[in-house]
Amino acid sequence: MEKSLHYLLMADHLLIQKAFLAAIKETGLTPGQPKILDYLLYHDGAVQKEIASACHIEPATITSVLFGMEKKGFILRKNLNGNRRSIYIYLTDKGRSLAKQVESAFRIIEEKALLDFSKDEKEMFTAFLMRMSQNIQGVIRDA
């Protein structure tokens, strides 16, 4: 088995994604929707651009994902104070319930993945991943 960092990150990502999708299979969510629900659970009333940035989804892609979520009754789009240019995205009751299911599935898989890690190791691992993400975003920004 390959032990390079890129291989291990890719393999772990795929394993976590597979476990997560199996855990939420009965919800009918498409692959892009869970992270949006998870984001809106804590940032309800966000604008589309914020959601796209936070979820690492291209602006053109998020439009169609949100449209699908709206058709299924997971979200509502509202403009405030009659300003048609600023559309805010809110969870419906159905969406909020689903978002809590998603959050629970994420938490259970995370707990299983980090089962033998001490609290300090979990904090260090999280810090390392955050630093990697910042470094990679810098490379992308500079390209």
Side-chain angles (χ1 to χ4, degrees), residues 1-80 83 85-143:
M1 180 197 273
E2 184 80 27
K3 301 241 191 238
S4 66
L5 181 60
H6 74 273
Y7 178 85
L8 293 170
L9 287 170
M10 179 190 62
D12 286 346
H13 169 75
L14 291 173
L15 289 169
I16 288 170
Q17 185 78 356
K18 187 176 180 179
F20 176 73
L21 291 175
I24 64 158
K25 181 173 54 174
E26 78 286 347
T27 65
L29 290 170
T30 62
Q33 294 174 343
K35 60 186 166 186
I36 294 171
L37 288 172
D38 191 52
Y39 181 78
L40 287 172
L41 191 57
Y42 296 97
H43 303 91
D44 208 17
V47 294
Q48 188 169 313
K49 188 175 179 181
E50 286 173 37
I51 299 167
S53 177
C55 295
H56 304 284
I57 299 173
E58 292 298 320
T61 303
I62 195 144
T63 300
S64 63
V65 174
L66 290 174
F67 178 75
M69 293 175 75
E70 188 174 31
K71 273 180 61 173
K72 291 179 181 179
F74 302 154
I75 62 164
L76 290 172
R77 297 176 198 238
K78 295 181 188 176
N79 47 7
L80 298 181
N83 182 351
R85 298 185 82 207
S86 296
I87 297 174
Y88 296 84
I89 313 297
Y90 294 90
L91 289 172
T92 62
D93 289 341
K94 182 178 180 180
R96 186 169 314 289
S97 174
L98 210 46
K100 289 178 181 177
Q101 258 185 278
V102 163
E103 180 186 46
S104 177
F106 277 138
R107 188 177 55 253
I108 289 167
I109 291 166
E110 222 175 270
E111 286 171 4
K112 288 179 181 177
L114 300 174
L115 189 62
D116 296 328
F117 286 62
S118 70
K119 184 179 180 222
D120 287 344
E121 287 172 326
K122 289 176 189 177
E123 288 173 2
M124 285 176 40
F125 186 60
T126 301
F128 291 152
L129 288 174
M130 287 174 59
R131 193 165 35 169
M132 279 180 62
S133 180
Q134 290 169 349
N135 291 344
I136 292 169
Q137 287 176 34
V139 168
I140 292 169
R141 206 174 20 255
D142 295 342

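Just so it is clear, the values below take in all heavy atoms, side chains as well, and ignore hydrogens, waters and symmetry mates.
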Can any side-chain N or O of [X] pair as donor or acceptor with the backbone N or O of [Y] at less than 3.5 Å?
| X | Y | answer |
| --- | --- | --- |
| K94 | K72 | yes |
| K35 | I57 | no |
| S64 | T61 | yes |

Compare every heavy atom of [Y] with every heavy atom of [X], then report the nearest pair and how far apart it is.
| X | Y | answer |
| --- | --- | --- |
| A23 | I109 | CB-CD1, 4.5 Å |
| I24 | P34 | CD1-CG, 3.7 Å |
| I51 | A46 | CG1-CB, 3.8 Å |
| Q33 | V65 | CG-CG1, 3.9 Å |

- Message: Could you walk me through whether I89 and M69 satisfy the side chain to side chain contact (heavy atoms under 4.5 Å, CB included) test, starting with their C-alpha distance in whole Å, then the side-chain angles of each, then the deciding distance to 0.1 Å, before giving a yes or no?
- Response: CA-CA 11 Å; I89 313 297; M69 293 175 75; over 6 Å; no
Counting only heavy atoms not in [X] (residues, nucleotides, ligands), do more than 12 fall under 6.0 Å from its [atom1]?
| X | atom1 | result |
| --- | --- | --- |
| F117 | CZ | yes |
| E58 | CD | no |
| N135 | CG | yes |
| K122 | NZ | yes |
| F67 | CZ | no |

Could you check if a side-chain atom of [X] sits within less than 4.5 angstrom of a side-chain atom of [Y], using non-hydrogen atoms only?
| X | Y | result |
| --- | --- | --- |
| I87 | Q48 | no |
| F20 | E110 | no |
| L37 | L29 | yes |
| I62 | I36 | yes |
| M132 | L5 | yes |

If you round to the nearest 0.5 Å, how far is [atom2] of [Y] from [atom1] of [X]?
| X | Y | atom1 | atom2 | result |
| --- | --- | --- | --- | --- |
| F74 | L91 | CZ | CG | 10.5 Å |
| Y88 | L40 | OH | CG | 14.0 Å |
| F128 | M124 | CZ | CE | 4.0 Å |
| L98 | D38 | CG | CG | 11.5 Å |
| F106 | I16 | CZ | CD1 | 10.0 Å |

- Is the H43 ring parallel, tilted or perpendicular to the Y39 ring (thresholds 30°, 60°)? parallel
- Query: How far apart are the C-alpha atoms of L14 and K18, what are their side-chain angles, what is the distance that settles it, and do they pass the side chain to side chain contact (heavy atoms under 4.5 Å, CB included) test?
  - Reply: CA-CA 6 Å; L14 291 173; K18 187 176 180 179; over 6 Å; no
- Message: Testing the 3.5 Å rule here: is there a donor-acceptor pair between the side chains of Q137 and S133?
- Response: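 Looking only at side-chain atoms, S133 and Q137 do form a donor-acceptor pair, the distance falling under 3.5 Å.
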